[in-house]
Amino acid sequence: MVKTVVIKPKVDINKVNTHILPVDFEYYEPRTLRELVELLDKLGPSAKILAGGTDLLVQIKQRAVEPKYVVNIKKVRELDFIEDRGDYLAIGAVTRLRAIEKNSLIAEKFTALHEAVRAMAGVQIRNMATIGGNLCNASPAADTAPPLMVFDAELKIVGPGYEKVIPITQFFKGPKKTVLKYNEVLAEIRIPYPKPPTGSAFIKIARTAMDLAKVNVAVALRVDEDDYIRWIRVTLGSVAPTPVRARSVEEELIDKRFSEEIVRKASRLVVNDISPITDIRSTAEYRREVSKVIVRDALLIAYKRVRGV
Amino acid sequence: MERRIRFRLNGEWVEVTVKPNELLLNVLREKFGLTGPKYACGIGECGACTVLVDGEPVLACLTLAVDVDGRDVVTIEGLARDGELHPLQKAFLEHGAIQCGYCIPGFIMVAKRLLEENPYPSEEEIREYIRGNICRCTGYVNIVKAIKAAAESLRAGSSSHT
């Protein structure tokens, strides 16, 4: 039996005036992290943090959010950096995607993250949007999340009078939901350098080069001199309420000898780890099928990078 | 809660009073009469509102005017010098890259930054760089040709423009 799927977007963009911001708000520009956190604590949950603006201002135009206070985080200069700290690389939360894309250390050591950022929107948006914004907006399709998850990234969160570091796997709670409280800020992302020789890759399937992902995948793996897989991570976006690890695929491949055949077989198991839905971008069926293919392709590319071919 | 902001606009310092929810695009068009940057999609899909802020192409329809306080803003109106068009503008005219013209200021602002970063762009690199700009008339072929030609004339130093 053929079932007809009627997809109704929540907001019909053609019936929304996107010319102006139809909401009056009070605007703040704190200069330090401390000032920022104190301000958020004082203003309470009706404040919204403005970073690149490419998500928040669109949401305000659509009246999906109507903040009383808008706190611009971009003037907090101490959150704008890419820093090599020996064991790990630290990226400040308001670092622009374009700066990440242009960083040669990231391109070399965290290739999947480099590729993910390059795949995002156009150059104008990458000049505006921040990595912290991409994570805190918590879209299931966020392109920077899967690569950060495969590299076991940690997030430094700062609240009034305290700071903590959590694994990124604990950060997302659902679509548009994170563990952050109203008075907490994502301050930096820490990515441990993987042991060499590690290869990684990112693949995104989208309707156009500008669009959000129908499905995206990041993988990273390390093989020993006899081609046995000694470490592996596979993470997908846009196929579950949050970015997800494909543990079935990882478990199937760990300590196995790398071959196209076993990768092809293992990639099919990804359907056990994902729970895609049908929405305006794609169908659940398509997402399931194409996930198998891009997991396989990404693993083959990552392996070639380990071997330097 | 209005604010007085001061920024460099096409090379000259200007001052204006804005509300925090005013967008840079509307301030440029309505308060300064600079109608080069265009409103089209309003949500960051089309690139028609592209201007340079501190030299980098950004979307004026998703930028708060208060956010450019103290910064440098350049629109398409700021490219010509002493009545002479910028090499990109000339190349767009010469190659028939303009049909209705609505998207063109956005394309030229993006292309300007591309040619500063990469004076020898391949066709693929050009197409990659302009993917955030939508044109519904030309099919992009002549736009790409024009950018290539402008790259050549800028390299040849046939003009004092940078």
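Every chain is numbered from 1, with letters handed out A, B, ... down the list of sequences. Note: hydrogens, waters and symmetry copies are ignored here, and every other heavy atom, side chains too, is used.
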I would like to know whether Tyr27(A) and Arg3(B) meet side chain to side chain contact (heavy atoms under 4.5 Å, CB included); could you show each step before the answer?
-> CA-CA 10 Å; Tyr27(A) 174 78; Arg3(B) 281 178 177 241; 3.7 Å; yes
State whether the number of non-hydrogen atoms from other residues, nucleotides or ligands found under 6.0 Å of [X] atom [atom1] is greater than 12.
X        : atom1 : answer
Arg31(A) : CZ    : yes
Glu15(B) : CD    : yes
Lys74(A) : NZ    : yes
Arg77(A) : CZ    : no
Lys48(A) : NZ    : no
Lys68(A) : NZ    : no

If we define contacts as heavy-atom pairs under 4.5 Å, which of [options] has the most with chain A?
options                                   : answer
Thr63(B), Leu25(B), Asn26(B)              : Asn26(B)
Glu128(B), Arg113(B), Glu56(B)            : Glu56(B)
Val110(B), Asn133(B), Asp67(B), Leu114(B) : Asp67(B)

List the atom of [X], the atom of [Y], and the distance in Å for their closest heavy-atom pair.
X         : Y         : answer
Leu62(B)  : Thr54(A)  : CD1-CA, 4.1 Å
Ala119(A) : Arg131(B) : C-NH2, 3.4 Å
Val23(A)  : Asn21(B)  : O-ND2, 2.9 Å

Heavy-atom distances under 4.5 Å only: say whether [X] touches chain A with side chain, backbone, both or neither.
X         : answer
Glu22(B)  : neither
Val58(B)  : both
Tyr39(B)  : side chain
Glu117(B) : side chain
Leu59(B)  : both
Val53(B)  : neither

Measure distances from [X] to the heavy atoms of chain B and classify the residue's part below 4.5 Å as side chain, backbone, both or neither.
X         : answer
Ala121(A) : backbone
Asp24(A)  : both
Leu50(A)  : side chain

Sort out for me which of Arg118(A), Met210(A), His19(A) touches chain B most, counting heavy-atom pairs under 4.5 Å.
-> His19(A)
Taking C-beta and beyond as the side chain, do [X] and [Y] meet within less than 4.5 Å on heavy atoms?
X         : Y         : answer
Cys61(B)  : Lys61(A)  : yes
Leu64(B)  : Leu21(A)  : yes
Met109(B) : Gln124(A) : no
Val70(A)  : Pro20(B)  : no

May I ask you to say whether Glu26(A) pairs ionically with Lys19(B), meaning some side-chain N is under 4.0 Å from a carboxylate O?
->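 Lys19(B) and Glu26(A): not salt-bridged.
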